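Written below as structure tokens is the structure these notes are about.
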Amino acid sequence: MKRLSDAIAMALLSLTLSASAASADASQLYETHCVACHGEQRLGGIGPALLPENMGRLRGAAVQKVIADGRDATQMPAFGQVLSKAEIESIVAYIAKPLAQPPVWGMAEIAASRRIETIPAREQKPVFSADPLNLFVVVEVGDHHATILDGDALEPLARFPTRFALHGGPKFSADGRFVYFMSRDGWVEKYDIWSLQKVGEVRAGINSRNIALSPDGETIAVANYLPKSLVLLSASDLAPIRTFDAQDANGASSRVSAVYQARPRNSFVVALKDVAEMWEISTQKGDFKLRRIKTDEPLDDFFFDPGYAHVLGSAREGAVSKVYALDTGREVAALSLPGLPHLGSGISFVYDGRRVMATPHIRSGLVSIIAMDDWSPVKTVPTPGPGFFMRSHENSRFAWTDSMMSKAKDTMSILDKTSLEIVRSITPSAGKTAAHVEFDRYGKRVLVSVWEDPGELVVYDAETFVEIKRLAMRKPSGKYNVFNKINLSEGTSH
Ligand code: HEC
């Protein structure tokens with residue numbers, strides 16, 4: 001008996017030894033071949049951060065392929081001739097592991113990363129004649145660029161490089177002059193649309209989710225997974241103002257899922273991924289006072305009513321969504337929405353004299369329509385498959401949604417807001433993913449992404465659904481109309 005357990009112990013010991021030898025080799029290989037571009041502790045440099053939190057769906061064989069073949073037309077070299085298959089496999093395993101210690105990224109590191117390129121002139125007028133409020137900012141993740149598109153002429157005005165993998169929607173200053181982008185690796189970039197120049201950038205986190213601009217336009221909040229923090233930056237010069245460690249009242253730490261601007265409340269509302277709490281941070285006098293609102297369980301995807309009196313949040317598995325009154329912090333309703341609603345893409349409109357909201361679902365081919373006075377279900381409308389985005393405009397009778405999470409990924413469905421029926425299906429490009437819609441400022445034209453690389457923007461007449469134009473784009477993940485964004489159009493998320 002004793003000998004058997006000794007043998008097992010020996011076997012276990014040699015297993016651990018060989019595993020740690022392999023990982024020592026892998027870290028050595030990383031130091032030799034990758035660190036120059038991907039940075040100390042894999043935090044990123046010229047190349048993106050190589051952490052599992054950042055790489056998301058890119059795993060296993062796909063990572064092996066990137067390392068062996070490199071990426072065309074980028075600085076990522078091919079290592080297929082330099083490293084053996086076993087070595088590549090060991091690096092893949094190495095970068096799939098989270099860091100042993102959470103990375104340190106506080107005020108000092110953020111401040112040191114800040115770079116200002118252009119000090120914008122105050123008196124600047126747009127350097128182009130296009131309507132500055134009917135511009136679209138198109139994010140092209142295929143080759144990490146953004147295009148500024150004239151929404152009337154439907155011609156690009158400028159195209160410039162962005163940080164790797166922009167994430168979440170860009171945010172605009174109240175006059176529509178400046179746009180702020182955030183990348184998956186935590187870079188916040190500021191761009192002056194009127195002069196078509198980049199203002200500067202700062203790295204506010206290592207793995208980030210989204211940003212929001214305060215109602216007074218002075219502060220940017222950044223929601224981070226890594227480190228677990230909310231970071232406030234000055235919107236004018238991107239200097240860090242302060243950071244909040246994301247912890248609940250008992251000191252349990254949490255990733256920050258998202259931050260939202262609550263304009264009528266002069267505050268940010270913050271969703272926490274791992275604890276049963278949400279935050280409201282006052283931006284009133286720049287005091288940034290934190291208020292904790294207890295919830296039954298963590299809620300991480302939010303929709304607000306137009307007055308920001310209530311927030312609807314979905315729980316992690318999406319079985320139940322809860323409505324809280326923001327003033328009292330009390331739960332006022334619980335809804336069961338089938339198949340993980342994507343509340344962040346929810347829209348609202350008036351149907352039959354009542355304000356309703358509509359949301360697509362990530363795991364079911366349904367759009368849920370809910371009355372916002374008593375949060376009761378109004379209708380569930382079937383679509384060809386699970387989708388992600390939904391958009392409309394106050395001047396349009398129709399709302400558009402996709403089925404991008406399904407076999408019908410190439411199909412857009414058009415909902416008539418007066419009958420709550422799907423009245424048309426449109427396939428911009430057969431077999432190719434169609435997703436993310438934005439209206440122009442008048443609600444007259446609709447821009448749909450063919451979400452591929454290379455992909456396209458397809459422009460339709462919002463009334464007749466006739467195709468107007470196609471523009472070649474590199475995986476246009478989103479497009480944002482300046483007017484609709486700064487006026488908090490009811491047909492779009494903010
Ligand atoms: C000369 C700079 C450079 C070197 C050296 C380098 N990389 Fe890269 N790597 C990049 C760049 C730049 C990208 C982004 C390419 C793009 O735009 O898609 C990248 C992308 C990647 C990606 C894809 C990340 C993602 O999220 O899409 C992986 C994985 C990767 N590199 C692994 C490695 C490994 C492992 C090594 C060492 C064996 C290495 N790289 C060495 C520059 C480099």
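Numbering of ligands and ligand atoms starts at 1, following listing order. Everything numeric in this text was worked out from a predicted model, so none of it was measured.
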Notebook entry, point to check: Hey, which atoms in ligand 1 end up nearer than 4.0 Å to a heavy atom of Phe79?
Noted result: 36 (C), 37 (C), 38 (C), 39 (C), 41 (C)
Note to self: Considering atom 8 (Fe) of ligand 1, could you give the total of protein N/O/S atoms lying closer than 2.8 Å?
What the structure shows: 2
Checklist line | Lys/Arg N to Asp/Glu carboxylate O, Asp192 vs Arg177, below 4.0 Å | finding: yes
Next item on the list: With Arg255 as reference, evaluate Asp274, Asn207, Asn224 under the side-chain hydrogen bond (donor to acceptor under 3.5 Å, both in side chains) test and give the passing residue.
Entry: Asp274
Notebook entry, point to check: Name the one of Tyr260, Phe268, Trp279 that satisfies ring pair (Phe, Tyr, Trp, His ring centres under 6.0 Å) with Phe302?
Noted result: Tyr260
Note to self: Whether Lys190 engages the ring of Phe178 as a cation-pi pair (distance to the six-membered ring centre under 6.0 angstrom, angle to the ring normal within 45°) should be assessed.
What the structure shows: yes
Margin query: Considering non-hydrogen atoms of the protein only, which is the closest contact for atom 5 (C) of ligand 1, and what is the distance?
Written below: His33 O, 3.3 Å
Checklist line | ligand 1 versus Tyr30: contacting region, heavy-atom distance under 4.0 Å | finding: neither
Margin query: Could you work out, with side chain to side chain contact (heavy atoms under 4.5 Å, CB included) as the rule, every residue matching Thr147, not counting sequence neighbours?
Written below: Val138, Glu140, Pro156, Arg159, Met473
Notebook entry, point to check: Do any N/O atoms on Arg184 end up under 3.5 angstrom from N/O atoms on ligand 1?
Noted result: yes
Margin query: Give me the residue, atom name and distance of the protein heavy atom closest to atom 15 (C) of ligand 1.
Written below: Thr74 OG1, 3.5 Å
Note to self: On a heavy-atom basis, I'd like to know which of Asp185, Ile88, Ile46, Val35 is closest to atom 12 (C) of ligand 1.
What the structure shows: Ile46
Checklist line | Row check, Tyr225 ring normal vs Arg209 NZ/CZ: under 6.0 Å, within 45° | finding: yes
Next item on the list: For Ser392, enumerate each residue passing the side-chain hydrogen bond (donor to acceptor under 3.5 Å, both in side chains) test, keeping only those at least two apart in sequence or located in another chain.
Entry: Lys417
Notebook entry, point to check: In terms of atom number and element, which parts of ligand 1 are under 4.0 angstrom from non-hydrogen atoms of His144?
Noted result: 17 (O)
Next item on the list: Kindly confirm or rule out a cation-pi arrangement of Arg391 over Trp400, judged by NZ or CZ under 6.0 Å from the six-membered ring centre and within 45° of its axis?
Entry: no
Check: Of all the non-hydrogen atoms in the protein, which one sits nearest to atom 25 (C) of ligand 1, and at what distance?
Finding: Leu58 CD2, 3.5 Å
Checklist line | Ring-face cation contact, Phe439 with Arg441, 6.0 Å cut, 45° max | finding: no
Notebook entry, point to check: Quick one: ring-ring contact (aromatic ring centres under 6.0 Å, His included) partners of Phe172, sequence neighbours excluded?
Noted result: none
